[in-house]
Protein chains: 2
Amino acid sequence: MDTPAPRRTRIQQEKRELILEAALEVFSTNGFRGSTIDQIAEAAGMSKPNLLYYFRRKEDIHETLMQRLLDTWLAPLRELDDIGDPLTELRSYIRRKLEMARDFPRESRLFANEILQGAPRIMPMLEGELKTLVDEKAAVIKGWMRAGKIARTDPWHLIFSIWATTQHYADFDVQVRAVLGPDRGGDGRFEDAARFLEQLFVDGLRPKG
Amino acid sequence: MDTPAPRRTRIQQEKRELILEAALEVFSTNGFRGSTIDQIAEAAGMSKPNLLYYFRRKEDIHETLMQRLLDTWLAPLRELDDIGDPLTELRSYIRRKLEMARDFPRESRLFANEILQGAPRIMPMLEGELKTLVDEKAAVIKGWMRAGKIARTDPWHLIFSIWATTQHYADFDVQVRAVLGPDRGGDGRFEDAARFLEQLFVDGLRPKG
DNA sequence: CAAATTTTTGACCGGTTGGACAAACGTTAG
DNA sequence: CTAACGTTTGTCCAACCGGTCAAAAATTTG
């Protein structure tokens, strides 16, 4: 099904990386339609026809970017495992997701842009791979609830709320910084967020006496 | 500072409303740059030059839409009051925000689009009006914590987490529906979400010991 | 070196987009 | 009726955008 491993020269590999890096920057802030090939080419330090020599269509860049993103994006949830203490597992999942929001905000915004516009390009993946993964992990969480390890609640919405709260710090970064102001909006905001979220979810999920 | 009350005929008022309604639909799904005047005009059932008779520039439509949005968008937070039981107050704030995500998803997505792109048009409002309001309400919440009515935590991040979790059901609606599937992704998803969020926040904020 | 291949660029093209404009059309008031 | 005013539309334009192409420049290969 996949393209049969296209042979690429060293220059091709490097330039393609350069373009993808530039495109991530441009797409994540302007969306797909709001971005122009010229913008990406300029950010990558090359001319438009030269860029089009490496990616024949604008959509190819976006598609490549999206494919790479999805692999790494779900990695934290895949790691959520049945071994170990449930509350500890959830806590480290939240921490990993928040670290991704901190370290890969552009990827988060690229994803958010796609979903906001109705996920026209990745809908099959949402209904397939993603749903399967979430259902699987929801079953794990349900097991923890049955065993009395965490409070009974809806596992799917629990996962949604973890996504929402962590990605918020990437997608709505400007708002967060504007509201916190120059004093508290600095680098420490992610640690404050980590502390808060840990408290919220751990106390909110601790099994009731 | 404001425009000196432009006189408008009845037709002008009606047509402007029609255009704003159509523009909300188009802008919220395609973003500003991703939307064309033609699309909006067609959605409003009129020709492009006719639309431009009521709004001289595309940006004017967006600006008007954004100004109206901001008023209603912060209303729920403004209602958060010091009277009444703190946990009840927070619970009804969450409920109101979730109802807005359910009833006004286009407004939510319009706002999300703007923030995602760095809030180029509303940054002053974020740093001014919004920050002032949030600081004010954070002080109220801090009072509740000092009084031992709710658990001690960061009020600003608490507000962020309420925004994030509730707006998620509007902004990421397609993902939510895709993951929940045809069975659970129906109309009941907002009630499930309300139940879950209430449990999460109320239990997570109940004062300890 | 020289031939072959890969990379880069300037010029160009067709389609789209935001917006201008004048003329036509409709409505209302005297 | 008619003049004034408000509304609608067809036509047009300049800028922009995604993408092509041939030729020049650089690099690799023999």
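What's counted below: heavy atoms across the whole structure, side chains too, no hydrogens, waters or symmetry copies. Chain letters run A, B, ... following the sequence lines, proteins first and then strands; every chain starts at 1.
Nearer to the 5' terminus of DNA chain C, by closest-nucleotide assignment, is the contact made by N50(A) (compared with the other of R33(A) and N50(A)). Heavy-atom distances to DNA chain D give each of P49(A) and Q39(A) a nearest nucleotide, and the one nearer the 5′ end belongs to Q39(A).
Rounded to a whole Å, the CD atom of E59(B) is 12 Å from the C1' atom of dG18(C). Note: CG (L18(A)) to P (dT7(C)) measures 14 Å, nearest angstrom. Rounded to an integer number of Å, the gap from F55(A) CZ to dT8(C) C1' is 17 Å. Nucleotide dG19(C) holds its C1' atom 11 Å from the CG atom of L51(B), rounded to whole Å. dG15(C) atom P lies 17 Å from atom CD1 of I37(A), rounded to whole Å. Atom-to-atom, OH of Y53(B) to C1' of dA23(C) comes out at 15 Å; the value is rounded to the nearest Å. To the nearest angstrom, P of dT17(C) lies 12 Å from CD1 of I40(B). As a whole-Å value, the separation of R16(A) CZ from dT6(C) C1' is 15 Å.
Backbone-only contact: K15(B) has heavy atoms under 4.0 Å from sugar-phosphate atoms and none from a base. Using a 4.0 Å heavy-atom distance criterion, L52(A) is classed as a base contact.
Between F55(B) and H62(B), the gap from one ring centroid to the other reaches at least 6.0 Å.
A salt bridge links R184(A) and D192(A); the closest N-O separation between the charged side-chain nitrogens and carboxylate oxygens is under 4.0 Å. Between D103(A) and R96(A) no salt bridge is recorded (no basic side-chain N to carboxylate O distance below 4.0 Å). No salt bridge links E63(B) with R56(B); every basic N to acidic carboxylate O contact stays at or beyond 4.0 Å.
Using a 4.5 Å heavy-atom cutoff, the side chains of D203(A) and D203(B) are not in contact. A heavy-atom distance below 4.5 Å is not found between the side chains of I37(B) and R57(B).
Rounded to the nearest 0.5 angstrom, E114(A) CD and Q175(B) CD are separated by 11.0 Å.
Between chain A and DNA chain D, the heavy-atom contact criterion of under 4.0 Å yields a 5' to 3' nucleotide range of dC17(D) to dT28(D).
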